Number of protein chains: 2
Amino acid sequence: MSKIKILVVDDHQLFREGIISLLSKNEDLEIVGECDSVNGFYDLLKETEPHVVLMDISMPEVNGLEIIKEARSKFENTKFIILTMHAEGQYVVKAVKNGAFGYLIKNSDEDELITAIKQVSAGKKYFNSEISQLMIGNMALDEESHKKLSDREMEVLDLVSQGRTTKEIADQLFVSARTVETHRVNMMKKLNVQNTAELIKKAAHLGLI
Amino acid sequence: MSKIKILVVDDHQLFREGIISLLSKNEDLEIVGECDSVNGFYDLLKETEPHVVLMDISMPEVNGLEIIKEARSKFENTKFIILTMHAEGQYVVKAVKNGAFGYLIKNSDEDELITAIKQVSAGKKYFNSEISQLMIGNMALDEESHKKLSDREMEVLDLVSQGRTTKEIADQLFVSARTVETHRVNMMKKLNVQNTAELIKKAAHLGLI
DNA sequence: TTCCTTATCCGTGTTAATACCGATATAGAC
DNA sequence: GTCTATATCGGTATTAACACGGATAAGGAA
């Protein structure tokens with residue numbers, strides 16, 4: 001059996017180098033590339049055709065979960081494993097929905113990482129019981145929980161979170177204050193909160209701002 | 001010259017293992033221990049007497065910066081290097097104040113890490129220009145920047161962030177609505193923000209809620 | 001003791017946010 | 001064609017937030 005080709009995507013160089021150093025010791029694995037963000041990622045994918053991509057979630061400008069959603073349909077022979085410090089159910093749920101084959105916390109050990117890589121490259125999914133539980137805990141909430149905010153709403157949300165008043169935001173966006181109010185009210189409905197304070201808190205916790 | 005003895009403290013096992021794998025390739029360095037939090041850290045320190053400790057900042061329950069403050073007076077032959085993903089001036093400032101000899105972002109490369117370790121073990125400080133700039137940018141702000149919130153203020157903050165109105169909070173805490181207002185206003189001053197929306201955002205980002 | 005800081009508390013106005021009610025136009029899905 | 005989601009806009013009334021103005025008690029520092 002030929003080596004499993006791996007591509008590492010993480011914005012922290014030391015983490016990349018560490019992982020590469022770790023995995024290089026294993027004869028069944030081969031690191032074919034690394035990448036610190038979405039820049040050059042698709043070229044690398046096309047060029048190296050890895051079996052497995054280890055992908056961080058939070059990177060500057062981009063979200064690893066979104067990249068997977070985008071990439072997996074175009075590269076059907078490549079499997080994606082999320083490798084992140086975020087142990088939050090919502091991320092696991094989204095990873096599964098977006099087609100990730102595995103989800104590992106950076107607080108895992110070498111053996112588990114290698115096990116995950118081998119299983120995933122063989123076409124099996126790898127979500128250990130801790131991760132599965134996180135996901136289950138969030139599936140119920142997922143139904144009632146927040147719908148997506150529109151682009152315009154995100155724009156307003158961002159300005160609100162910067163402490164701008166409705167009128168300031170209205171002037172900046174060239175709309176009436178009433179429209180800004182409506183956006184804020186609609187966001188509160190979507191996120192199922194009572195007022196702006198709670199809206200900001202929830203948005204912050206969801207990583208929206 | 002004997003090897004530089006290194007202790008790695010980070011809550012993410014994969015990161016620890018990666019770093020250890022990286023550094024083990026260098027003949028001048030020797031990993032004498034690793035640790036995922038403050039548990040067992042002092043025993044390890046006493047036992048291994050490392051020349052250099054690589055320390056993460058954000059770990060469960062504890063803050064690496066506080067650990068340094070505590071440990072460096074008791075172990076004068078050990079130097080501490082902060083190794084974190086947080087590229088924020090306030091952390092750098094606190095690291096310096098607490099006696100760290102170096103500050104590296106996880107988004108550094110292997111060469112820089114080894115350079116830093118060697119310099120620090122030789123008694124020199126290592127803060128590259130990027131980190132120094134971050135620190136300088138925050139030295140001025142540091143004075144006025146957020147002071148600690150009192151217990152009562154935290155209590156109010158928490159309720160505000162849950163979407164409670166001033167009156168509800170007042171009733172719950174058995175004080176007048178005006179007092180709750182004052183607490184909120186004082187928090188806004190302390191965190192240097194304009195209104196409640198921004199207060200909640202900043203508090204969320206500071207991990208207060 | 002005096003000084004200073006901090007946490008706690010309160011009153012009066014003004015301004016902003018929010019709750020109700022409503023509407024039109026557009027685009028995409030079914 | 002119908003349904004749904006989105007973005008835009010409006011009135012009126014109530015409530016909350018915010019900007020001023022204060023005070024008192026406790027603790028440490030000079």
Side-chain angles (χ1 to χ4, degrees), chain A residues 66 69-70 73 94 97 142-204 206 208-209, chain B residues 97 141-204 206 208-209:
Chain A
E66 298 299 331
K69 189 178 182 180
E70 187 77 16
S73 55
K94 197 162 181 184
K97 285 185 178 171
D142 194 50
E143 300 310 314
E144 62 172 6
S145 79
H146 67 100
K147 312 169 182 178
K148 275 186 192 167
L149 299 186
S150 69
D151 291 346
R152 194 59 157 178
E153 285 169 343
M154 284 295 295
E155 205 169 352
V156 172
L157 175 64
D158 191 51
L159 291 166
V160 171
S161 79
Q162 288 171 27
R164 310 295 180 78
T165 66
T166 297
K167 188 168 185 326
E168 287 171 350
I169 297 170
D171 289 346
Q172 183 167 340
L173 300 183
F174 301 106
V175 297
S176 81
R178 194 59 189 74
T179 299
V180 176
E181 280 291 338
T182 304
H183 285 312
R184 210 182 36 211
V185 170
N186 289 339
M187 284 189 278
M188 292 193 285
K189 285 177 185 165
K190 283 184 179 178
L191 298 197
N192 196 30
V193 297
Q194 295 308 310
N195 58 25
T196 301
E198 205 184 347
L199 171 67
I200 299 297
K201 179 195 178 190
K202 192 148 193 173
L206 291 173
L208 268 33
I209 51 177
Chain B
K97 285 185 178 171
L141 290 169
D142 190 50
E143 300 310 315
E144 62 175 4
S145 77
H146 75 282
K147 310 168 183 178
K148 278 184 191 168
L149 299 187
S150 70
D151 291 345
R152 194 60 155 176
E153 285 170 340
M154 285 295 295
E155 205 169 354
V156 172
L157 175 63
D158 192 50
L159 291 166
V160 170
S161 80
Q162 287 172 24
R164 310 294 180 80
T165 67
T166 297
K167 188 167 185 322
E168 287 172 351
I169 297 170
D171 290 345
Q172 183 168 339
L173 300 183
F174 302 106
V175 297
S176 81
R178 193 58 191 78
T179 298
V180 177
E181 281 290 336
T182 304
H183 286 311
R184 210 182 36 212
V185 169
N186 289 338
M187 286 189 277
M188 293 193 285
K189 285 177 186 164
K190 284 184 178 177
L191 298 195
N192 196 31
V193 296
Q194 294 309 308
N195 59 24
T196 301
E198 207 183 348
L199 170 67
I200 298 297
K201 180 194 178 189
K202 192 148 193 173
L206 291 172
L208 269 34
I209 52 177

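Just so you know, these numbers come straight off a predicted model, no measurement behind them. Every chain is numbered from 1 and lettered A, B, ... according to where its sequence line falls, protein lines coming before strand lines.
Every residue two or more places apart in sequence or in another chain was checked for a salt bridge (charged side-chain N to carboxylate O under 4.0 Å, His left out) with A/Arg164, and none qualifies. Taking the side-chain contact (heavy atoms from CB on, under 4.5 Å) definition, one finds that B/Thr166 meets it with B/Ala177, B/Val180, B/Glu181, B/Arg184, sequence neighbours left out. Remark: A/Arg178 pairs with no residue by the salt bridge (charged side-chain N to carboxylate O under 4.0 Å, His left out) rule, at least two apart or across chains. Every salt bridge (charged side-chain N to carboxylate O under 4.0 Å, His left out) that B/Lys167 has, sequence neighbours left out, goes to B/Asp171.
Residue A/Leu159 contributes atom CG, which lies 17 Å from atom P of C/dA16 at whole-angstrom precision. The distance between atom CD of A/Glu168 and atom P of D/dC18, rounded to the nearest whole Å, is 13 Å. Per the geometry, NZ belonging to A/Lys189 stands 10 Å off C1' belonging to C/dC20, to the nearest Å. For the pair B/Ile200 CD1 and C/dA17 C1', the interatomic distance rounds to 15 Å; values are reported in whole Å. The separation between B/Phe174 atom CZ and C/dC9 atom P is 13 Å, rounded to whole Å. Atom C1' of nucleotide C/dT8 and atom CE of B/Met154 are separated by 18 Å, given to the nearest angstrom. Summarising the geometry, the separation between CZ on B/Arg184 and C1' on D/dA16 is reported as 8 Å, rounded to the nearest angstrom. Straight-line distance from the CD atom of B/Glu181 to the C1' atom of C/dA16: 12 Å, rounded to whole Å.
Heavy-atom neighbours of A/Glu66 CD from other residues, nucleotides or ligands within 6.0 Å: above the threshold of 12.
Taking both residues in full, the closest heavy atoms of A/Ala203 and A/Leu157 are given as CB-CD2, 3.8 Å, listed atom of the first, atom of the second, then distance. Of all heavy-atom pairs spanning A/His183 and A/Glu153, the tightest one is ND1-CG, 4.0 Å. For the residue pair B/Leu173 and B/Glu155, the shortest heavy atom distance occurs at CD2-OE2, 3.6 Å.
Between A/Arg178 and D/dG11, a side-chain N or O to OP1/OP2 separation shorter than 4.0 Å is absent. The side chain of B/Thr182 contributes no N or O atom lying less than 4.0 Å from OP1 or OP2 of C/dC9. OP1 or OP2 of C/dC9 lies within a sub-4.0 Å distance of a side-chain N or O belonging to B/His183. For B/Ser176, a side-chain nitrogen or oxygen approaches OP1 or OP2 of C/dC10 to under 4.0 Å. For D/dT6, neither phosphate oxygen OP1 nor OP2 lies less than 4.0 angstrom from any side-chain nitrogen or oxygen of A/Arg152.
If you check every strand for non-hydrogen atoms under 4.0 Å, B/Asn186 touches a base. Using a 4.0 Å heavy-atom criterion, one finds that A/Val185 contacts no nucleic acid atom at all.
Shown for residues 160-167 of chain B: residues whose heavy atoms fall under 4.0 angstrom of DNA chain D, namely B/Thr166.
With 3.5 Å as the limit, one finds a donor-acceptor pair spanning the side chains of A/Thr179 and A/Ser176.
The distance from the CZ atom of A/Arg152 to the OG1 atom of A/Thr182 is 12.5 Å, given to the nearest 0.5 Å.
Toward the 5' end of DNA chain D, the nearer of the two residues A/Asn195 and A/Val175, judged by each one's closest nucleotide, is A/Val175.
Taking the screw axis at each terminus of the helix from C/dT1-D/dA30 to C/dC30-D/dG1 from five consecutive base pairs, the angle between the two is 50° to within rounding of 10 degrees.
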